[in-house]
There are 2 protein chains.
Amino acid sequence: MRIGELSERTATPRRLLRYYEEQGLIVPYRCANGYRAYDERFVDRVLQIRGLLDAGLPTRIIKQILPCLDKPRTIHFPDATPQMLATLEGELDRMSERIDCLIRNRDAIAEYLDVVRGTASGAAASAVAASAVSAAAAEGTPAEAALPSAGVCAVPVA
Amino acid sequence: MRIGELSERTATPRRLLRYYEEQGLIVPYRCANGYRAYDERFVDRVLQIRGLLDAGLPTRIIKQILPCLDKPRTIHFPDATPQMLATLEGELDRMSERIDCLIRNRDAIAEYLDVVRGTASGAAASAVAASAVSAAAAEGTPAEAALPSAGVCAVPVA
DNA sequence: CTTGACCTTCACATCAATGTGACCGTTCGA
DNA sequence: TCGAACGGTCACATTGATGTGAAGGTCAAG
């Protein structure tokens, strides 16, 4: 398939596909006319790249990691250098921190929304927030509610 | 406290504190001598900003969101415009997608690490990966193992 | 043969988050 | 009173991931 189709199938701007190539993340074949040619494998590959990028990994790291997670669904042991494994472990930790952080912030926002709209039915509405707001509403207190420290979250070391 | 202390307590370069101010995310007081003065609340505030930034929210959005999650642990209802609630809901969804995406990728990497090091004890080592690798090792097959589609994850619309 | 959709490269633009340095004022302790 | 440590502004530089557009080649359908 050519770049247009891959672009559609991965919901990724052509520009980015070329960019990933520029960064050495993907290496498409070339037709006689110079057009880039991608096979099926590139669909997963690109999605994977996008996922890792979104995970906060820079292209530099992804490039190192990718040969290990190479052909989608297949692991190539020979590619794993100890150096790389260390990198991976580090990134793994950072990702976990990021996830925790995201979850805390998301929950804080969800809670805020629940509280602010009185949608106490929302699963995320914690007892404390829900009760706080209902109490406030009942008493006509200035509309403020206690929010757990959920929203506060230090950023992992970059 | 002045910028140096806040910088230390939030592990945030002074430069960034000034940057956040420039972006309207924080508005410190000013001493007579022109020095910025921050009170305790700014510590949480800055950590929260860092968290939200790390969550992928642009400063532009954070600026809108922040007045709502304002004084840490307190919600100010008056600040919530319907427009803003919509924005928040949108971001909430995006954050959830991001979280799922991150988790999938993290697990994929964790799994890879487990498999590649034969550390089948790791909680994340799925039966399929573990068995695949042990089978491969037992038979002397080319060192490849089936990996679930975990690593592949489309990026949420930006 | 022409048109339109697709492809190419090149190159400059943007945006957020940072780094860095110049240059100057303030505070404080030795 | 001097210097170190800190503060201030200004401003330019960089990096990563993107957007965007110009100028031109390829190709299939009308």
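Worth knowing before you read on, the calculation uses all heavy atoms, side chains too, and leaves out hydrogens, waters and symmetry mates. All chains are named by letter (A, B, ...) in the order of the sequence lines, taking the proteins before the strands, and each is independently numbered beginning at 1.
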Checklist entry - Would V43(B) and M1(B) count as a side chain to side chain contact (heavy atoms under 4.5 Å, CB included) if you check the C-alpha gap in whole Å, the side-chain angles of each, and the deciding distance to 0.1 Å? => result CA-CA 10 Å; V43(B) 176; M1(B) 93 193 72; 4.0 Å; yes
Is the shortest heavy-atom distance from the side chain of [X] to the side chain of [Y] under 4.5 Å?
X	Y	result
I65(A)	Y112(B)	no
I26(B)	F42(B)	yes
D100(B)	R104(B)	yes

Name every residue in [range] that has at least one heavy atom under 4.0 Å from any atom of DNA chain C, in order of residue number, or write none if there are no such residues.
range	result
residues 4-18 of chain B	P13(B), R15(B), L16(B)
residues 28-40 of chain A	R30(A), G34(A), Y35(A), R36(A)
residues 19-27 of chain B	Y19(B), Y20(B)

Next on the checklist: Could you tell me the boundaries of the chain A footprint on DNA chain D, defined by atoms under 4.0 Å from its heavy atoms?
Outcome noted: dG16(D) to dC27(D)
Checklist entry - Is E40(A) salt-bridged to R9(A), cutoff N-O under 4.0 Å? => result yes
Checklist entry - NA contact type, P58(A), heavy-atom cut-off 4.0 Å: base, sugar-phosphate, or nothing? => result sugar-phosphate
Next on the checklist: Quick one: does any side-chain atom of T12(A) pair with a main-chain N or O of T10(A) as donor and acceptor, under 3.5 Å?
Outcome noted: yes
Rounded to the nearest 0.5 Å, how far apart are [atom1] of [X] and [atom2] of [Y]?
X	Y	atom1	atom2	value
L113(B)	L88(A)	CG	CG	5.0 Å
I99(B)	R94(B)	CD1	CZ	12.0 Å
E97(B)	D54(A)	CD	CG	9.5 Å
E91(B)	I62(B)	CD	CD1	9.0 Å

Item to check | Spacing between I49(B) atom CD1 and dA17(C) atom C1', to the nearest angstrom | outcome: 13 Å
Using residues 16-25 of chain A as the side-chain source, report each donor-acceptor pair under 3.5 Å to any protein atom, sequence neighbours left out, with the distance given to one decimal.
from: Y20(A); atom 1: OH; to: R50(A); atom 2: NH1; distance (Å): 3.2
from: E21(A); atom 1: OE1; to: R36(A); atom 2: NE; distance (Å): 2.5
from: E21(A); atom 1: OE2; to: R30(A); atom 2: NH2; distance (Å): 3.1

Checklist entry - Which residues satisfy the side-chain hydrogen bond (donor to acceptor under 3.5 Å, both in side chains) test with E8(A), sequence neighbours excluded? => result none
Item to check | Worked verdict on I49(A) versus T59(A) for side chain to side chain contact (heavy atoms under 4.5 Å, CB included) | outcome: CA-CA 8 Å; I49(A) 290 171; T59(A) 51; over 6 Å; no
